[in-house]
Amino acid sequence: MLEVAKTLDASGLACPMPVVRTRQAIDQIGSGEVLEVISTDRGSLQDIPAWAAATGHALIATDEQDGTYRFRIQKG
Amino acid sequence: MGDPNNDAQGMTIVCWSGEIDKVWPQFILATTGAAYGMDVTMFCTFWGLFTLKRPEVKVTGDNWMTKMLGMMNNQRLSHLNFAGAGPAMMRSIAAKHKVAPPEELLETARELGVKLAPCQMTMDLMGLSREDLIDGIEEPLGAAAAMSAMQRSQINLFI
C-alpha cells in the first residue's frame, strides 16, 4: 500500500469545489506521490475519476462509507 | 499549468450574461477547466462585464441610453433576478447545499490563473474605464482578440 503524502478534506463542499481543491492539492505533491481526498459530494464519485483520467493521474482506490467518499490519487 | 495529457488545451467562455443563474455556471465551468489544467479565458462582454465592475462604481452614462443601462444594471450580483424567484432565494438554497457563491468562485478562478478579460467595446458603451474594474484581470480585449483565444481553444462556450 502506497503511503499518503497529503490528505485533502473536501467534506461539505459542493461541485465544482472538490475537483478544484483536488487540483490545488495535487499541485503541492510530487510525481508518484499519493493524495487522499475526502468528499461528501455524491457527484465526486463521477467527477474525481473523470478528472484524474483527463489530467494523467491514477485513481488507485475509491471507498464509500455512510455518504463519505475517499479517493486515493497517485500523481502522474 | 500543463498536465501530461492535455498540454496547451484551451477553454474560452464568452460571459455575456450578468444574471446570477448564468454567472454561476460561467465560474463553475471556468474553475473546473482550470482544474483540468486548461488555459481558461473568460471574455466578459455586455452584461457579463458587470461581474468585473467594482461594486461601488455606478454606470452614470452621458445620454439616455447609457443612463438606462446604468439603471438596469447598477446593482450587485445579489440584486439580479433568477427566474422571478429572486436572487436571495437562489443564494439561500445554494448556501444550504454548500454551493460556493459567485464571489468565492471568482476568487478561486483568479487563484487558478483563469484569465478574466473585459470587453473594451462594452466598457466604452457603459462609460467604464480600467480603474472602474476589479484588480487582477487582463487588459481589455476586442472581438478579434477574443476570436484568437477561441481559435486556440477546444472548448468554447457562450453563457
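In this text the structure is predicted, and so the values were computed from the model without any measurement. In what follows, chains carry the letters A, B, and so on, assigned in the order in which the sequence lines appear, proteins first and then strands, with residues in each chain numbered from 1.
- Distance NE2/B:His97 to SG/A:Cys15: 13.5 Å, rounded to 0.5 Å.
- In this structure, B:Tyr36 and A:Ala54 approach most closely via the heavy-atom pair CE2-CB, 3.1 Å.
- Among the candidates A:Leu13, A:Val19, A:Val20, the residue making the largest number of heavy-atom pairs closer than 4.5 Å to chain B is A:Val20.
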Run the side chain to side chain contact (heavy atoms under 4.5 Å, CB included) test on A:Arg21 and B:Thr108 for me, step by step, so that the C-alpha distance in whole Å, both residues' side-chain angles and the decisive distance to 0.1 Å come before the verdict. CA-CA 9 Å; A:Arg21 298 294 178 222; B:Thr108 303; 3.7 Å; yes
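- Side chains of B:Leu105 and A:Met17 form a contact here, defined as non-hydrogen atoms less than 4.5 Å apart.
- There is no path of hydrophobic side-chain contacts, each under 4.5 Å, that joins A:Ile29 to A:Ile38.
- Counting non-hydrogen atoms of other residues, nucleotides and ligands closer than 6.0 Å to CZ of B:Arg130 gives a total above 12.
- With A:Pro16 as the partner, the side chain to side chain contact (heavy atoms under 4.5 Å, CB included) test is satisfied by one option alone out of B:Leu29, B:Thr32, B:Val99: B:Thr32.
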